[in-house]
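What follows is a set of notes on a single structure, which appears directly below.
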Amino acid sequence: MHIPDGFLDIKTAATCGALALTGVGVALHTVRRTLPERRVPLVGLAAAFVFAAQMLNFPVGGGASGHLMGSVLAVVLLGPSAAVLVMTAVLVLQCFMFADGGVTALGANVFNMALVSTFTGYAVYRLLCRLGPDTPRTRLMATAFAAWSSTVAAALACAGELALSGTILWALVSPTMLGSHMFIGIGEGLITTLVVAAIARTRPELLGARQGPGQAGGYVEFTVYGLLVALGLVIFVAPFASPSPDGLERAAATLGFEQQTAATRIASPLNDYAVAGLDTTALSTILAGGIGAVVAFIFALLLARAFALPERAPSAAPPNDGPCCAP
Amino acid sequence: MKALEVRNLSYRYPDGRAALRDVSLELEAGERLGLIGPNGAGKSTLLLHLNGLLPERLDSPSPIHVFGRPVEKAHLSGVRAQVGLLFQDPDDQLFCPTVGEDVAFGPRQLGLTGSALTARVAAALEQVGLAGFEERLPHRLSHGEKHRVCLAGLLACEARVLALDEPTSSLDPRGRRELKALLQRLPMAQIIATHDLELVVEICPRVLVLDQGALVAAGPTCDILNDEALMLAHGLERPHILQHHHPHPSSVRS
Amino acid sequence: MTVRAVLRDLFSPYHPGTSAIHRLPAAVKLGAILALILVLAFLPAAAWAAYAAAAALLLLAALLSRVPLSRLAQRLLLIEPFALGMALLALFQPHGLQQFLAIMTKSTLCLSALVLLSATTRTTDLLRLLSRLRVPPLFITTLTLMHRYLFVLLDEAQRMQRARRSRSLHQGRWATWHAWASVAAHLFVRSADRAERIYAAMCARGWKT
């Protein structure tokens, strides 16, 4: 999902850059304020770990292999702000050392994979932990579904950015990106859950290390990330998701991009041949997404059932319940 | 003045197990002292105390004095500059991207900058026989070289006491020989926690035996290490090298 | 269950040398490459003359750097598929071929620029540059530690995988995934422990935040 250089136009890249910079700034500020000094090296090591985990591939079938994105893993292990930092560091090094992901797309990649995926994963994780009974099984199930959601959300943002840049039509890029990442997300959920379950079995206290909104000011960051992600989705995705054909122009006008030729360039082919089927496209996308989510949810339930430790051992549950159970 | 003075030091792990019981020891300036004992005896824990890294909250008054200064919060940075701690795994200690930056880490924290810093780093690397290694990357070094870079990092802080945790473990014979020669060359007081009993015989005139957190014996190296019964009782054994050096073991113990 | 071979090769992007390009200050190289990429990436879709000029410029720099072109091309080819996969989608839209060619040319040129940068500039020099650019110290610490321990962790992972494989006789896919996860979990546990020891080592040498 790393966008290379040349795939984004200047307005999209700049918007992404601004959103990413704000989010990472907030994350840095939060981590500096709330992270105990002795945990600073852990953030660096966790970044190395996520990077290494991204390089270890696992067989998906048919000779193909997948690898982890790791943002929900980082969230569960370290809490949201440190996870944003970890994912950003990974993306920056990948960009400059391995040329994986473009420089002009760095903002977009950070926004998608460090902010959107982390925040979505975290929000889903917290929500599910709150809704379910406070057991290790709930937490595992929440982890699995959060990992799936984070992957799909990042893919959605990515598709929106490519479409808004006028690089690839929304009607093409959204089903491809979303469709493939609904599958990839299953792998992400499986691996994340297996890793978290294995850590819970051997060293449950490490899962208690995450800092969540239980701490002072936690809700502020949560809100800021939420707003940034929402703003991003409104800018990148809403213009296309709107069933009214002039949605894009309206969005572009409100954002002050009306003079941009790119916007009209995408809008016109949409007008030409996609509008007739737009209602059904939007509908089928939503339908497919819904079915995907239900499948992923059932999968998460099964996974948690298979791997959760029985409650008996007091060490099975992290001593500090962390963000999901914070008041 | 004693380089190091420890009086009745006791410590429990956070889970309540006793790690050190009533340990007392002294180290003269320039002396090399061996610290031996089975795995889990508390050797590493003791060394961490010398640097104020344990306990999490420092006691006051401190049972440990370094050149007369107690290991307390107010003196901590001074103590840490004076006691150079060599960790078991050099990768834990070499946390900077290049060798030069790593050696510079300590002196930079002490406020050194510019050409003085560069000179200090170069001198420290020279001392450990790695002159010109500044731009090398730590992960490209051999294990022995990593150990020596760690030592250079301590020398650059102008440490007056070296606390070495298993300095020769996982070194090949040449690496071990070079490290041994280096330790013998260095003038500062050294406390060497190790399973390498031959190293102790070769370079430490005096030795302490630690078992289950308590000091069980202390005295001249040959006397202690020749005491077969004592060695076996504490999970150690009499090194072969002694059989040639001292065919008539005495049983003097302090 | 192996370290992704593709990226494994990219581990040492730096190609040591003493050419004029190698000797340029990292800041100058980074600035020039960033400027080139910015211009290229945001050029209008079919500025073929400009693309040709950029290609000539990059080729000249590559020749000056005396890094074997085959090595640069090899690294380029390793990353190209990721861009290609995304760009292929563009083929299925009106004027798709032109769009496809334009973005592939742009992204290939930008990739070449980055490959050239990392082949002639040590990553450690780039990291050093960051502190001069007033990047927050916490972020630099994170980046630096990540860069330093990435290799240590990957070696650890490889040893663990080998040890695991030496004891597993037949493996279905499920078992492989399980093994993967336990290697990854173990890797994290070890990293967390190592982070504690690094903290101790940093304190021992007078680290103050």
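The analysis underlying the following values was restricted to heavy atoms, covering all of them including side chains, and did not include hydrogens, waters or symmetry mates. By convention in this document, chain letters (A, B, ...) are assigned in the order of the sequence lines, proteins followed by strands, and residues within each chain are numbered from 1.
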List the atom of A:A89, the atom of C:L143, and the distance in Å for their closest heavy-atom pair. O-CD2, 3.5 Å
Side chains of A:R32 and C:P136 in contact at under 4.5 Å (non-hydrogen atoms): yes
Region of C:E156 in contact with chain A, defined by heavy-atom distances below 4.5 Å: neither
Closest approach of A:G44 to C:L145 (non-hydrogen atoms, all atoms of both residues): CA-CB, 3.9 Å
If one checks every heavy atom of C:A113 against chain A at 4.5 Å, the contacting part turns out to be neither
Any sub-3.5 Å donor-acceptor pair from C:Q99's side-chain atoms to A:T167's backbone N or O? yes
Using a 4.5 angstrom heavy-atom cutoff, name the option from A:V92, A:V173, A:T202, A:L190 with the most pairs to chain C. A:L190
Begin with the C-alpha distance, continue with both residues' side-chain angles, and end with the deciding distance and a verdict on side chain to side chain contact (heavy atoms under 4.5 Å, CB included) for A:F98 and C:I79. CA-CA 8 Å; A:F98 300 134; C:I79 331 169; over 6 Å; no
So for C:L91, is it side chain, backbone, both, or neither that comes closer than 4.5 Å to the heavy atoms of chain A? neither
Please classify the contact of C:F139 with chain A as side chain, backbone, both or neither, using a heavy-atom distance under 4.5 Å. both
Contacting moiety of A:V43, where chain C heavy atoms sit under 4.5 Å: both
Any heavy-atom pair between the side chains of C:L153 and A:L45 that's under 4.5 Å? yes
Quick one: does A:R201's side chain get under 4.5 Å of C:S182's, heavy atoms only? no
Heavy-atom pair of closest approach, residues A:L172 and C:F92: CD1-O, 3.5 Å
How many angstroms lie between CZ in A:R38 and CE in C:M202, if you round to the nearest 0.5 Å? 12.5 Å
What part of A:V90 gets closer than 4.5 Å to chain C, counting heavy atoms only: side chain, backbone, both or neither? both
Looking at every heavy atom in both C:L111 and A:A99, which two are closest together, and how far apart are they? CD2-O, 3.3 Å
What part of A:L8 lies closer than 4.5 angstrom to a heavy atom of chain C: side chain, backbone, both or neither? backbone
How close do C:A184 and A:F49 get, heavy atom to heavy atom, and via which atoms? O-CE1, 3.1 Å
Intermediate values then yes/no, side chain to side chain contact (heavy atoms under 4.5 Å, CB included), A:D5 and C:K106: CA-CA 7 Å; A:D5 280 312; C:K106 271 189 194 186; over 6 Å; no
What I'd like to find out is whether the side chain of C:T123 reaches to under 4.5 Å of the side chain of A:L93, using heavy atoms alone. yes
Most contact-rich option vs chain A, by heavy-atom pairs under 4.5 angstrom, among C:L76, C:I33, C:I103, C:L89, is C:L89
Would you mind telling me which of A:T192, A:T88, A:L162 has the largest number of heavy-atom pairs within less than 4.5 Å of chain C? A:T88
Step through the shown structure and confirm whether more than 12 heavy atoms of other residues, nucleotides or ligands are within 6.0 Å of CZ on A:F183. no
Do C:S118 and A:F96 come within less than 4.5 Å of each other through their side chains, counting heavy atoms only? no
Can you name the closest pair of heavy atoms from C:L150 and A:A52 and give their distance? CD1-N, 3.9 Å
Using side-chain heavy atoms (C-beta onward) and a distance below 4.5 Å, is C:D193 in contact with A:R203? yes
Rounded to the nearest 0.5 Å, how far does CD1 of A:I3 lie from OG of C:S107? 12.0 Å
Taking every heavy-atom pair that is under 4.5 Å apart, which of A:A198, A:A46, A:A105, A:A47 has the most such pairs with chain C? A:A47
With chain A, which of C:T141, C:T144, C:I198, C:L138 has the greatest number of heavy-atom pairs at distances under 4.5 Å? C:L138
What part of C:L40 lies closer than 4.5 angstrom to a heavy atom of chain A: side chain, backbone, both or neither? neither
Steps toward side chain to side chain contact (heavy atoms under 4.5 Å, CB included) verdict (A:M97, C:L126): CA-CA 9 Å; A:M97 197 173 168; C:L126 290 176; over 6 Å; no
A:P41 versus chain C, heavy atoms under 4.5 Å apart: side chain, backbone, both or neither? both
Is there a side chain to side chain contact (heavy atoms under 4.5 Å, CB included) between A:V195 and C:F188? Walk through the geometry before answering. CA-CA 9 Å; A:V195 174; C:F188 180 76; 5.6 Å; no
Does any backbone or side-chain atom of C:L109 lie under 4.5 Å from a heavy atom of chain A? Answer side chain, backbone, both or neither. neither
A:A27 portion near chain C, given a 4.5 angstrom heavy-atom threshold: neither
